Every structure is written in C-alpha cells, then in structure tokens.
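A short write-up of the structure that comes next.
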Amino acid sequence: MDKEETKVQNVAYIRVSTLEQNTESQFEILEPYKIDKYFEEKVSGKNTDRPKLLEMIDYVRNGDTVYVKDFSRLARSTKDLLWIIEKLEEKGVKLISHKENFDTSTPAGKLMVTMLGAIYEFERANLLERQKDGIAVAKKEGKYKGRKKIDKPANWHEVYSDWSCRKITAKKACELLKLKTNTFYNFVKEEREVA
C-alpha cells in the first residue's frame with residue numbers, strides 16, 4: 001500500500017448557510033492546523049443530510065483529525081452533534097473545534113461529550129414532558145381527539161375468515177384489506193375479545 005494512503009491526515013470541515021456567505025474567515029482560522037484536505041459546503045445545517053459532511057465522514061480514517069471553526073459549523077442541535085462525534089469516534093477519528101477549544105481525544109473533551117449527551121437526554125425528557133402536559137390540557141378542554149379511529153374495511157369478515165382458516169397469510173390479508181400489520185392485529189384482537 002502507498003505510504004501516502006496510510007498517512008494520517010488533518011481534515012477540515014467548513015460550512016456557511018447560504019451561497020452569498022463567505023468561507024474565507026474559516027479557512028484563515030484553520031490554516032495553522034496544516035490541513036491536508038478541506039470539505040466545504042454552502043448549505044443549511046438544519047440536519048446531517050449534507051453531501052460534503054457525509055463525504056467527509058466517509059473519507060476519514062483511523063488516526064485522522066477533523067477540524068472545525070466551531071460546533072455551529074458542524075451541527076445546529078445537540079442530537080446531530082452527538083451523532084457526528086459518534087460516527088467519527090467509531091472510525092478512530094478525533095474532532096477539534098477551534099472556538100470551543102474542544103478535542104475529543106482529551107479527558108476534558110470526553111467529559112464534554114458525556115455532558116452533551118446528558119444535556120440531550122435532559123432536552124428530550126423536557127420535550128416529552130411538555131408534550132404530555134399539552135395533551136393533558138387539550139384533553140381536559142375537549143380539544144384532543146387522539147389518533148383518528150380506523151374503521152374495519154367492508155371485506156373484513158371475509159378476509160378475516162380466510163386468514164383464521166389459514167387459507168391466506170397475514171401479509172396477504174393486510175394487502176387485501178389495505179391495512180398496516182399492527183392495525184390488522186388490533187382488529188384481530190377486537191374480534192377475539194368479542195367472540
């Protein structure tokens with residue numbers, strides 16, 4: 001194998017949200033890190049579905065280091081940032097953020113990743129709690145109807161009978177009834193409770 005191929009690399013990820021924005025300042029900030037390869041894109045950071053980000057994650061190898069100006073270039077949410085860090089760690093790649101003075105290979109960096117994970121869990125628990133509270137209030141006020149009830153299809157009894165007699169599979173029954181598997185089995189449960 002070529003020595004150049006096995007050489008560990010310093011890789012930079014640079015992002016701005018719009019085509020009008022300039023990436024020069026990010027290049028200047030990251031230049032002292034002796035970057036071997038740059039991945040640059042002008043797209044929103046609202047999720048991780050970004051061509052150059054995914055290309056960069058695919059490109060890096062064990063021992064490489066990814067540099068960013070700051071976390072906001074990499075991700076807009078704690079969840080996405082943790083996902084990216086996890087993907088890099090799985091490949092043995094460390095992440096360094098210039099602004100936050102963050103390095104995933106150091107004890108302080110590992111501690112910060114743990115704290116980010118705890119913050120994400122806290123945010124998620126709070127969101128679910130708010131949703132639960134909102135539903136409770138809506139129910140009290142008679143505004144929450146829950147999921148719309150699905151009626152049994154007109155051909156339900158015929159198909160159910162064939163399925164019960166093992167003439168057709170559950171998959172076939174779902175196709176004939178145009179139902180999802182879980183809905184089909186919910187109806188089956190209802191039938192058995194009535195019987």
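Quantities reported herein were computed from a predicted structural model and do not represent experimental measurements. Side-chain atoms are counted along with the backbone in the values below, which use heavy atoms only and exclude waters and symmetry mates.
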Below 4.5 Å, heavy atoms only, C-beta onward: do [X] and [Y] meet side chain to side chain?
X      : Y      : value
Leu95  : Asp103 : no
Ser72  : Lys99  : no
Lys152 : Glu191 : yes

**OP:** Tell me, with the steps shown, if Phe39 and Ile14 meet side-chain contact (heavy atoms from CB on, under 4.5 Å).
**Re:** CA-CA 6 Å; Phe39 289 86; Ile14 287 173; over 6 Å; no
Subject >> Test side-chain hydrogen bond (donor to acceptor under 3.5 Å, both in side chains) applied to Asp162 - qualifying residues, sequence neighbours left out >> reply: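 Asp162 satisfies side-chain hydrogen bond (donor to acceptor under 3.5 Å, both in side chains) with no other residue.
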[X] [atom1]: over 12 foreign heavy atoms closer than 6.0 Å:
X      : atom1 : result
Lys91  : NZ    : yes
Asn101 : CG    : no
Tyr33  : OH    : yes
Glu31  : CD    : no

Subject >> Heavy-atom donor-acceptor pair, Gln21 side chain to Thr18 backbone, under 3.5 Å >> reply: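 Checking the backbone N and O of Thr18 against the side chain of Gln21, a donor-acceptor pair under 3.5 Å is found.
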Subject >> Glu100 side chain to Phe71 backbone, donor-acceptor under 3.5 Å >> reply: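 Indeed, once roles are kept as given, a pair shorter than 3.5 Å links the two residues.
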Original post:
Is any side-chain N of the basic residue among Asp36 and Lys7 closer than 4.0 Å to the acidic one's carboxylate O?
Top reply: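 Here Asp36 pairs with Lys7 in a salt bridge, since their nearest N and O are under 4.0 Å apart.
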**OP:** Inspect the contact between Asp70 and Arg73 and indicate whether a charged nitrogen and a carboxylate oxygen are less than 4.0 angstrom apart.
**Re:**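 Asp70 and Arg73: salt-bridged.
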Original post:
Linking Ile, Leu, Val, Met, Phe, Trp and Tyr by side-chain heavy atoms under 4.5 Å, what else ends up with Tyr185?
Top reply: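 Cluster partners of Tyr185: Ile150, Trp156, Val159, Tyr160, Trp163, Ile168, Leu176, Leu177, Leu179, Phe184, Phe187, Val188.
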If you take all heavy atoms of [X] and [Y], which pair is closest and at what distance?
X      : Y      : result
Gln9   : Asp64  : N-OD1, 2.7 Å
Leu19  : Lys42  : O-NZ, 3.3 Å
Ile84  : Leu74  : CD1-O, 3.4 Å
Leu88  : Val60  : CD2-CG2, 3.9 Å
Ala75  : Arg50  : CA-NH2, 4.1 Å
Lys110 : Thr104 : CG-O, 3.5 Å

Would you compute the distance between atom [atom1] of [X] and atom [atom2] of [Y] and round it to the nearest 0.5 angstrom?
X      : Y      : atom1 : atom2 : answer
Glu41  : Met56  : CD    : CE    : 9.0 Å
Glu89  : Leu82  : CD    : CG    : 9.5 Å
Lys46  : Thr48  : NZ    : OG1   : 11.0 Å
Asp49  : Ser44  : CG    : OG    : 11.0 Å
Gln131 : Asp133 : CD    : CG    : 10.5 Å
Asn10  : Leu30  : CG    : CG    : 10.5 Å

Original post:
Does a donor on one side chain sit under 3.5 Å from an acceptor on the other, for Glu40 and Tyr13?
Top reply: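 No.
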Original post:
Have Ser17 and Arg15 got a donor and an acceptor in their side chains that come within less than 3.5 Å?
Top reply: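 Ser17 vs Arg15: donor-acceptor pair found between side chains.
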Consider only side-chain heavy atoms of I, L, V, M, F, W and Y, link residues closer than 4.5 Å, and tell whether [X] and [Y] are in one cluster.
X     : Y      : result
Val68 : Val113 : yes
Tyr67 : Phe102 : no
Leu81 : Met112 : yes
Ile29 : Val11  : no
Phe27 : Val16  : no

**OP:** Report the C-alpha separation of Lys140 and Val137 in whole Å, then their side-chain angles, then the decisive distance to 0.1 Å, and conclude whether the side-chain contact (heavy atoms from CB on, under 4.5 Å) test is met.
**Re:** CA-CA 5 Å; Lys140 198 173 175 183; Val137 169; 5.6 Å; no
Original post:
Is Lys37 close enough and on-axis enough to Tyr59, meaning under 6.0 Å and within 45°, for cation-pi?
Top reply: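 Ring-cation test returns yes.
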